[in-house]
Q: 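The following block contains the structure, expressed as structure tokens.
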Amino acid sequence: MVAPRRPLLPASLRRTWLWASLGALAGVAVMVFAYDWARTAAIEDARTRGAQRLRLYSATIRTAIDRYSYLPTILAMDPEFRRVLSHRSPEAVATANVRLEKINVAARSANLYVMAPDGETIAASNWNSPLSYVGQNYGFRPYFTDARALGAGRFFGVGLTTRQPGYFLAAAIRDGAGTFLGAAVVKVDLEGLEHDWALAGEHVYVTDHNGVAILASVPAWQYTIEARIDDATAARLAIARRYGVRQIREMSLVDLGALGEGARRLMLGERAFLAQRQPVPGENWQIHYLTGWDTISDKARATTAMAGSGWAVAVLFLLYLRQRRLGIRARADAQAAVEAALRQARDDLERTVEIRTAALRAEVAEREKTERHLRATQDELIHAGKMAALGQMSAAMAHEINQPLTALRTFLASTRIFAERGDQASLSANFCMMNELAERIAKITQHLKVFARKSPILFQTVDLSQALQRALFLLDGQIRAAGVDVELALDPAPLAGDLLRLEQVFVNLIRNALDAMQGSPRRRLAIHLAAEAGWCVTRIADSGPGIDPAVMDRLFEPFFTTKSVGEGLGLGLSLSYGIIRDMGGTIHAENIAAGGGAAFIIRLPLAGQPGEAT
Ligand code: ADP
């Protein structure tokens, strides 16, 4: 027979593994979903933040320029500068230079200068520096031509002298008649903004109407252009020498596509960015704000890791709960199994006890039956013993009855004579004697009838001395015929027993004593009955030859006799032994040391005393 293969793992553990695997798979799905969600959220965050920054920085640019917008107009209204344009004396120029220098310091502008109608710079705040504008002609600059034509001009460009980029604001200076005397110009330095952005770690650049990055937080991006530089573009860029000596380069930009709401993903150089742009109000510029894509990925990754960890913790917790529940169930199952086993054991035990009890009951019933049978047999035996005793006593009994009968006859004869004589007194005495004799005969026959009765053992309270008296009465004739002296000392001794059976015991013992004393010259029977410490002790001693010590141990055996055939059956003592034992007593024989003779001692419990079995 092929034994069924046992699975490698128990079913509950296999299910746990299954759940754990499903949990892990679901965890992967959760992480994918979490990454996607976190990435979208991070993009949205970046876009919101970028939009805010764009608004802030374009406003900053606007403010940085607008704070100086009034200044050229004020300079243009100053009579000092009108005068220097009108006279151009060295003193006036010197005065104007100093004045411009002071105002420049106070206004914290990059440069202030005054230009003649031909574009030559007459006086400048940087008159004292090696790169002084004084004497330089910037008449071709759009801010100057615009100021001359329109009264005001503005322009972003790289300084031709200083090579520093700046925002130029110009206002026309006119005399009272409205003649164009020249222009007052403020150069505003925007490099500070770039510096601030760089310090804040921002990626910002500003492109002008040509698409050239004129301001950028990253120096490498400055003066780069998003478009490809072809001839037309190059020509456009050369106009007004806007960018001075700066070489315009192509931006290394790869557009990776739109991300919605004006945001795009692009590669700039080696890095990926989320790019947003917005026009700078009042200028034909665009400000660009870039968020490093790595910050977005980092955020998404961190969120994914958190979601993954959270999921793992949740799954582990659920597995723990499951294991715990399984443990509790297993313990309950084990307990139930133990209880079932105990129940089974108890049922088995009860069944075994029932079977044993039934067997015992049957055994007891069998024993009781045997005992009943035994008892009946014993009763039969006792009756037989009695009959045997009666048989042996019959001659003596006949003599016993014959004696009063003979006496009766004698009395009858004398009665007749007394009647004939009319001797009333003698008659009356005779009748009295005859009545006594008849009563004695009646008493003897009554006793014999009772003794011979076959009766089962009957326990009742009896007086042992009464049983002795009855035995002596039955054997009275034999005792007297044998010439035996009887010595009686009887105390009343109430006990629970059967009077007839006890009488039979005493008849046996006294008869044995009479038999034993047949050859003795002096015949004496001493019967003592006394109560001793809860026991009734009867001692029947004779003056016979005593008992041969060789047969002492066999006396109470059934059918043991030393008497000749016809005289003894050997049943008397064995039956007596059985009767006394049934009443909870003992019987034994001993030889009397002085004067020989045998003594039989019977001990029976007094009424109300516990029996002593032998
Ligand atoms: P049986 O009297 O028929 O022999 P018992 O059982 O009464 O049977 O007695 C057994 C024997 O015990 C007697 O044969 C006798 O040898 C002995 N025996 C009994 N009583 C006495 C006694 N008082 N003295 C001496 N021997 C006795």
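When a residue number appears, it is its place in the shown sequence, counting from 1. For ligands, and for the atoms within them, numbers begin at 1 and follow the listed sequence.
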Q: Below 3.5 angstrom, do we get any N/O pair linking A598 and ligand 1?
A: no
Q: Could you check atom 26 (N) of ligand 1 against the protein and tell me its nearest heavy-atom contact, residue, atom and distance included?
A: I547 CG1, 3.8 Å
Q: Nearest heavy-atom pair of S465 and P492: which atoms, and what distance?
A: OG-CA, 4.3 Å
Q: Given F560, Y577, F556, which has its nearest heavy atom closest to atom 11 (C) of ligand 1?
A: F560
Q: Heavy-atom contact under 4.0 Å between G570 and ligand 1?
A: yes
Q: Could you check whether the rings of F600 and F556 sit parallel, tilted or perpendicular, using 30° and 60° as the cut-offs?
A: perpendicular
Q: Check each of L573, I540, L575 against atom 5 (P) of ligand 1 and report the one with the nearest heavy atom.
A: L573
Q: Report the nearest protein non-hydrogen atom to atom 24 (N) of ligand 1: residue, atom name, distance rounded to 0.1 Å.
A: A516 CB, 3.4 Å
Q: Taking NZ, NE, NH1 and NH2 as the nitrogens, is one of them in D294 or R271 under 4.0 Å from a carboxylate oxygen of the other?
A: yes
Q: Quick check: D515 and ligand 1, any N/O pair under 3.5 Å apart?
A: no
Q: Polar-atom distance check: S574 versus ligand 1, any N or O pair below 3.5 Å?
A: no
Q: With a 4.0 Å cut-off on heavy atoms, is F600 touching ligand 1?
A: yes
Q: Does ligand 1 have a heavy atom under 4.0 Å from the side chain of T561, from its backbone, from both, or from neither?
A: both
Q: Answer yes or no: is there a donor N or O on one side and an acceptor on the other, between the side chain of W19 and the main chain of R322, under 3.5 Å?
A: no
Q: L555 near ligand 1, heavy-atom distance under 4.0 Å?
A: yes
Q: Looking only at protein heavy atoms, which one is nearest to atom 20 (N) of ligand 1, and how far off is it?
A: N512 CB, 3.2 Å
Q: Between the side chain of D542 and the main-chain N/O of A598, is any donor-acceptor distance below 3.5 Å?
A: yes
Q: Does the distance from a Lys or Arg side-chain N to an Asp or Glu carboxylate O, for D582 and R375, drop under 4.0 Å?
A: yes
Q: Assess the side chains of N508 and Q504: does a donor N or O sit below 3.5 Å from an acceptor N or O?
A: no
Q: Does any N or O in the side chain of D498 come within less than 3.5 Å of the main-chain N or O of L458, such that one atom is a donor and the other an acceptor?
A: yes
Q: Any luck finding a side-chain donor-acceptor pair between S414 and N430 under 3.5 Å?
A: yes
Q: Take every heavy atom of G546, measure it against each atom of ligand 1, and state whether any distance is under 4.0 Å.
A: yes
